[in-house]
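To keep things clear, I will list the structure first and then write my remarks on it.
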There are 2 protein chains.
Amino acid sequence: MWQPVEMLSPRGFLGHVANVGVKDETLDFLLVVSEVPSVAAGVFTRNRFAGPCVDISRAHVAGGVLSALVAVSKNANVALGDIGRRDARAVVDAAARLLEVDHASVAIAATGVIGRRLPVERVTGHLSAMSAAEHKALGPLDLVEAARAIMTTDTVPKAASVGVGNAVVAGIAKGVGMIAPDMATLLAFFFTDAEVSAAALDAMFRRVVGKTFNCLSIDTDTSTSDTALVMANGLAGPVEADALEEALGCVALDLVKQVARDGEGATKLLEVTVEDARDEEQAKRVARLVVDSPLVKTAVHGADPNWGRVAMAVGKAQDDLDIDPERTVIRFAGTEVYPGRVDDVGLARLARSMREDSVSISVSLGCGDASATVWGCDLSAEYVRINADYTT
Amino acid sequence: MWQPVEMLSPRGFLGHVANVGVKDETLDFLLVVSEVPSVAAGVFTRNRFAGPCVDISRAHVAGGVLSALVAVSKNANVALGDIGRRDARAVVDAAARLLEVDHASVAIAATGVIGRRLPVERVTGHLSAMSAAEHKALGPLDLVEAARAIMTTDTVPKAASVGVGNAVVAGIAKGVGMIAPDMATLLAFFFTDAEVSAAALDAMFRRVVGKTFNCLSIDTDTSTSDTALVMANGLAGPVEADALEEALGCVALDLVKQVARDGEGATKLLEVTVEDARDEEQAKRVARLVVDSPLVKTAVHGADPNWGRVAMAVGKAQDDLDIDPERTVIRFAGTEVYPGRVDDVGLARLARSMREDSVSISVSLGCGDASATVWGCDLSAEYVRINADYTT
């Protein structure tokens, strides 16, 4: 799962990755092109400092059709005012010229440092050079290489794919830091050759993102560049809607877990499920309070079954007057630790199980029958080191 | 300021500190008694897992009069159901017996590990022994020793005092982790010999806490034990209300900065002011987004003037549609870094200034004329080490 062994690719998508010199010598440029216009949908960050790439892609996706996606990594092109807007537009225009498509059918995403100007001529110059080489740089879409091209401090590329009927749903994502839900979270691109209407794709994509990428929280910070896009080119013909949504959900969940495991400095995947909640909104909110608590995250890092901190984090839902300590049940790896008690032998066993690379905590609120799961990771000294040193 | 040189004490307050063996050999017990009944007010955590000490003190303070305060450190007595309630009540009753006052005039607070039973007989036994010694254990209130008696992972005792007219306002606090606003935050006790009505004291105390302890955020986690209490015994006669409120505010702010500086693993005080906001609520909320952002906190730790992360954190106020990147101004230590730019020499100068033990960031929203300041600290690898190792 960590590094997919075999990756199915949907028909009709071409890809190109390169280093164009945005920051260093690593891959920093991705172009994905659909051989025929694709139905498209997208979910974007709601950060008030969202960058111009987000604004452009949101407008272009609103049309429901995309031909290509260009992504730049190692520079977010954010908080640069008119210059940033011009630079983003220049990259889109250069890609549209290369592909001989309308600029409104090209989406763009960027990720990396905020507030530093993109070396835009290197990006547009690269696109012009591709043009001169008559598209020869475009080949079959290699998902893992595509995922590698959008990495910043990610330590591994994140890709997943699944077959559904005659079609394939594939996705790539980058994650690591500045990741919290209530938006599309990070960069995540999905490609499928299934045939689906723009309206149906938009509705199912929002549902899928709501249960996966919007249930992922690494560090409570919300990026200014978060973009989740899906392109469906229809070359494999129609797929039953429920099956397609399930396939999208399956790929998204796989990517979410990969991103959580590779959170900055993370050593463990943390999975928190809240059950018996009043409604799904409450379940998700309380689960997020637990996943986001630095004291829970450090306890998980230390393999310490410190359920008192989980109780504290649940109690932070201070306006949820139906949450009652007398009715709440807390479990670590399926073992009840509150209100039931675990003796020292049991605690030692739990502590051992928490040394594994995945920790699950569940909380039953006794307020209803809704549930939700939120994914995150532990908080390590390495997170501090990475982020105390990263740029400017 | 860090370690007050001379501490004024209000008249008529007696104190006693001891080690009763709650966890180790350090001070873990504090009793403060007013020679005459004191007018009192309190603000408490809103955590749904609030412990029985909070419930008892909230009820007792509601009467507007207190004679004594007993505080236990190194054990929070939280999430223990009926046993915890009985234990808290037993301590209050033992103190009331010792002092020959009504149990409803005794407040109680506890701080420390959650979910482990308090060795209650050691606490009540100590109070009985004091009884046998005919109160001889009570002496003049030593604020610094009192502050030391309520420490958990605090590295220094926190106390402050100021004269106002003929009276003195003094305060002690403990802090370190699990500290976030929207409640009284941590343990903070204020003592004054000023004469004031219960209603006036309650109103001014809520205003003071709102601008000080509720503007303090160490790690976004909200303790189950947070209690802020004030006792005014009137022995110094009446004090002009505005002057008394100012004195309370002055002591509270001093304590808040002491707590922020001594946040778990903290190496720097972080002071974030948001100006030109629509209203104070918006100013405080946005300031808190900046103070709470782990990416801002790690940048501050690394002395990195990474204003892009401040922009990101401001942008997290996603429902504040009046926040506009085109109108926002960000300053580090008074120097505009956005939208104005600082050259490399200027950035290096800012980085040097951030190596000091106090970092100030200000943000002008251009939405109105309200402002607020929130205090916090940097996030260090030491925070992770402390909390990955602390208990169970």
Side-chain angles (χ1 to χ4, degrees), chain A residues 46-50 76 78-79 81 113-116 177-178 180 182-183 219-224 292-295 298-299 301-302 304-309 311-318 320-321 323-326 328 338-339 347 379-392, chain B residues 46-50 76 78-79 81 113-116 177-178 180 182-183 219-224 292-295 298-299 301-302 304-309 311-318 320-321 323-326 328 338-339 347 379-392:
Chain A
R46 293 177 60 215
N47 192 297
R48 298 294 302 155
F49 266 79
V78 164
V113 63
I114 292 172
R116 187 169 300 172
M178 215 181 273
D182 206 13
M183 32 101 245
D219 60 1
T220 76
D221 276 342
T222 301
S223 157
T224 51
D292 282 343
S293 159
L295 291 172
T298 47
H301 183 63
D304 176 4
N306 191 328
W307 60 264
R309 295 185 184 173
M312 173 280 299
V314 170
K316 286 166 75 178
Q318 49 197 27
D320 290 43
L321 302 184
I323 294 181
D324 183 347
E326 309 294 312
T328 303
Y338 173 88
L347 281 176
L379 172 60
S380 70
E382 186 63 17
Y383 176 90
V384 176
R385 270 189 291 275
I386 292 168
N387 286 300
D389 293 341
Y390 189 68
T391 238
T392 1
Chain B
R46 295 176 60 215
N47 192 296
R48 298 292 303 154
F49 267 78
V78 164
V113 63
I114 293 172
R116 188 170 299 172
M178 215 182 274
D182 206 14
M183 31 102 245
D219 60 1
T220 76
D221 276 341
T222 301
S223 158
T224 51
D292 281 343
S293 159
L295 291 172
T298 47
H301 184 63
D304 175 5
N306 191 329
W307 59 265
R309 295 185 184 175
M312 173 280 299
V314 170
K316 286 166 76 178
Q318 49 196 27
D320 289 44
L321 301 183
I323 294 181
D324 183 347
E326 309 293 314
T328 303
Y338 173 89
L347 282 176
L379 172 60
S380 70
E382 187 62 15
Y383 176 89
V384 176
R385 270 190 291 274
I386 292 168
N387 286 301
D389 294 342
Y390 189 66
T391 236
T392 355

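Remember, it's a predicted structure, so these values are computed and weren't measured experimentally. Order of the sequence lines sets the chain letters (A, B, ...), proteins ahead of strands, with each chain counted from 1.
Ring-centre distance between B:Tyr338 and A:Phe49: below the 6.0 Å cut-off.
Contact detail for B:Pro294 and A:Tyr383: the closest heavy-atom pair is CB-OH, 3.6 Å. Between A:Leu379 and B:Val384 the shortest heavy-atom distance is O-CG1, 3.4 Å.
Residues A:Ile114 and B:Arg309 fail the side-chain proximity criterion, which asks for heavy atoms closer than 4.5 Å.
Using a 4.5 Å cut-off between heavy atoms, A:Ala79 contacts chain B through both its backbone and its side chain.
In this structure a side-chain-to-backbone donor-acceptor pair under 3.5 Å is present from B:Arg48 to A:Ile323.
In terms of heavy-atom pairs under 4.5 Å with chain B, the best-connected choice from A:Val314, A:Asp324, A:Asp320, A:Val78 is A:Asp320. Heavy-atom pairs under 4.5 Å with chain A were tallied for B:Gly315, B:Ala317, B:Gly302, B:Pro325; the largest tally goes to B:Gly315.
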